[in-house]
Asks: 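Can you read through this structure? Questions will come right after.
Counting starts at 1 for both ligands and their atoms, in listed order.
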Amino acid sequence: MSSLCVLLRKTRPLLHSLSPAMQKHHQYTLDVTASLVRTQSFVDGQWTSAASVFPVLDPATGEEIARVSDCGPAEAKRAVDAAYKAFHSWKQVTAKERSVLLRKWFDLMVLHREDLAKLITFESGKPIQEARGEITYSASFLDWFSEEARRVYGDIVPSPHRDRKILLLKQPVGVASIITPWNFPSAMITRKAAAALAAGCTVVVKPAEDTPLSALALAELADQAGIPAGVFNVVPCSREKTPSVGHVLCTDPLVAKISFTGSTATGKVLLRMAADTVKKASMELGGHAPFMVFDSADVDQAVTGAMGSKFRNSGQTCVCSNRFLVQSGIHDVFVERMGRAMDAELRLGHGSDPNTTQGPLINARAADKVAHQISDAVTQGARVVRGGKRLEGSFMEPTLLCDVTTDMLCTQEETFGPLLPVIRFNTEEEALAIANASNVGLAGYCFSQDVSQIWRVAEALETGIVGINEGLLSTPEATFGGVKQSGLGREGSKYGIEEYLDVKYMCFGGLKP
Ligand code: ADP
């Protein structure tokens with residue numbers, strides 16, 4: 001991959017094309033405590049090799065950083081069986097003991113934060129500052145659910161009969177299959193697994209093929225924390241083996257629940273598979289977030305919100321703003337300041353360079369998609385205010401477009417990349433109609449200083465999450481999840497643990513007065 005030499009250069013400022021003389025070549029190496037770089041599957045408390053391996057690549061350079069066991073359906077079945085066996089003892093462990101173990105796991109994540117962040121940077125391309133932030137966020141779910149474990153209260157309900165008592169008891173559902181994406185290689189696992197383990201469930205995790213190392217490092221720390229064998233299992237596999245592994249995880253009768261984060265298309269495939277055995281399902285799927293800026297907005301606040309919401313992880317999060325709706329009166333100043341903020345704050349480069357704010361996209365296909373949306377918009381009359389170019393490998397210039405209309409592809413499908421398309425609107429009704437004209441609804445953002453307008457818009461937005469004068473929202477204390485085809489269920493908050501619990505009605509009859 002030496003032709004991708006630009007990717008090995010030191011960080012470069014946005015929109016400054018480097019002359020060859022300025023290109024500083026730099027080799028980046030993954031330097032992490034050996035015990036955290038695990039490459040085998042983790043099943044029933046054992047590290048086990050599969051018959052073959054698959055490569056993990058640094059998306060910034062295309063270079064191989066590890067070879068990981070390529071599990072198939074047999075390994076997946078073994079993991080399900082181990083999780084099922086472990087469930088019978090794990091559910092008997094007291095909530096307090098489960099809480100203590102989750103807390104130990106949290107402490108170990110904090111202790112190894114830097115190494116865990118490096119793994120994220122090298123396997124996903126995420127800038128190191130953001131990777132550190134992800135580890136803090138990821139660990140926060142262990143912290144939060146270690147506390148929630150002890151608050152799984154049932155109910156005693158007033159009975160209509162004098163000789164009966166009504167008890168509603170919450171119990172863990174059983175084995176949960178957890179299938180996660182590459183854009184948050186650590187946090188998407190703990191957001192699910194911490195809730196599951198707190199509830200008394202056991203899990204089998206299938207991480208994304210691009211980012212198995214973070215998942216396996218989590219398993220190593222779970223083991224060090226004393227989480228019993230079979231409670232937390234990880235079966236990494238290649239894209240080729242994914243359908244057969246996925247089939248076991250979504251159809252095996254011993255699995256009670258599937259929890260998935262990823263694309264809407266894949267979520268539908270998994271739901272269909274899970275239907276035959278009527279499994280419980282939590283689905284956190286794609287978004288198409290509107291970011292609405294009204295005339296009364298504080299423009300600097302809106303620009304700060306847009307920078308965070310759009311360019312975090314190079315635009316590769318499901319809550320990233322995808323369509324920027326800006327009212328006529330504030331439109332020009334917003335676009336102008338947005339361009340200036342992009343010039344000042346965005347720097348492309350390898351994620352391990354501390355100056356980098358924009359790493360590569362996960363692969364060349366992802367960058368091609370963004371480039372295609374840009375050329376489609378430009379052909380239909382959009383104007384490129386900043387960026388616009390497809391760079392080497394999977395790098396893409398952060399791009400600001402104006403004069404965008406709802407006929408353009410970038411306003412009709414999720415971009416998952418650093419493209420900020422601005423649509424001008426005149427009235428609140430018009431903006432809401434555009435914002436809600438989507439079959440998905442995960443996050444939406446509203447910038448305004450008019451309190452009545454904020455309430456109207458926030459209530460009318462057809463999304464599961466609303467940011468009001470704020471672009472970065474995720475936290476374990478709050479719910480995460482969408483409406484429409486953005487998914488089913490909620491993660492995080494006091495509700496997240498409910499996804500792993502059944503309510504049993506116990507009727508105590510025949511009581512004598
Ligand atoms: P992307 O296209 O960005 O990889 P996906 O939604 O396809 O998004 O991937 C999210 C996760 O879903 C990954 O772990 C991926 O391996 C997994 N996945 C994709 N297809 C299947 C499948 N048929 N069965 C199980 N998991 C799948």
Asks: What are the distances between nitrogen or oxygen atoms of ligand 1 and protein nitrogen or oxygen atoms, counting only those under 3.5 Å?
Replies:
unit_1: ligand 1; atom_1: 3 (O); unit_2: Trp182; atom_2: NE1; d: 3.1
unit_1: ligand 1; atom_1: 4 (O); unit_2: Arg239; atom_2: NH1; d: 3.3
unit_1: ligand 1; atom_1: 6 (O); unit_2: Ser263; atom_2: N; d: 2.8
unit_1: ligand 1; atom_1: 6 (O); unit_2: Ser263; atom_2: OG; d: 2.7
unit_1: ligand 1; atom_1: 6 (O); unit_2: Thr266; atom_2: OG1; d: 3.3
unit_1: ligand 1; atom_1: 7 (O); unit_2: Arg239; atom_2: NH2; d: 3.1
unit_1: ligand 1; atom_1: 7 (O); unit_2: Thr266; atom_2: OG1; d: 2.9
unit_1: ligand 1; atom_1: 14 (O); unit_2: Thr180; atom_2: O; d: 2.7
unit_1: ligand 1; atom_1: 14 (O); unit_2: Lys206; atom_2: NZ; d: 3.2
unit_1: ligand 1; atom_1: 16 (O); unit_2: Lys206; atom_2: NZ; d: 2.9
unit_1: ligand 1; atom_1: 16 (O); unit_2: Glu209; atom_2: OE1; d: 2.6

Asks: For the pair Phe232 and Trp105, name the ring-plane relationship: parallel under 30°, tilted 30 to 60°, perpendicular over 60°.
Replies: perpendicular
Asks: When you measure from the centre of the six-membered ring of Phe184, is the NZ or CZ of Lys126 closer than 6.0 Å and no more than 45° off the axis?
Replies: yes
Asks: Please determine if Lys257 forms a cation-pi arrangement with Tyr500, meaning its NZ or CZ atom is less than 6.0 Å from the six-membered ring centre and no more than 45° off the ring axis.
Replies: yes
Asks: Taking the cut-offs as 6.0 angstrom to the six-membered ring centre and 45 degrees off its axis, would you call Arg490 and Phe480 a cation-pi pair?
Replies: no
Asks: Kindly state whether the ring of His350 and the ring of Phe122 have centres lying under 6.0 angstrom apart.
Replies: yes
Asks: Which heavy atom in Cys410 sits nearest to a heavy atom in Pro421, and how many Å separate them?
Replies: SG-CB, 3.8 Å
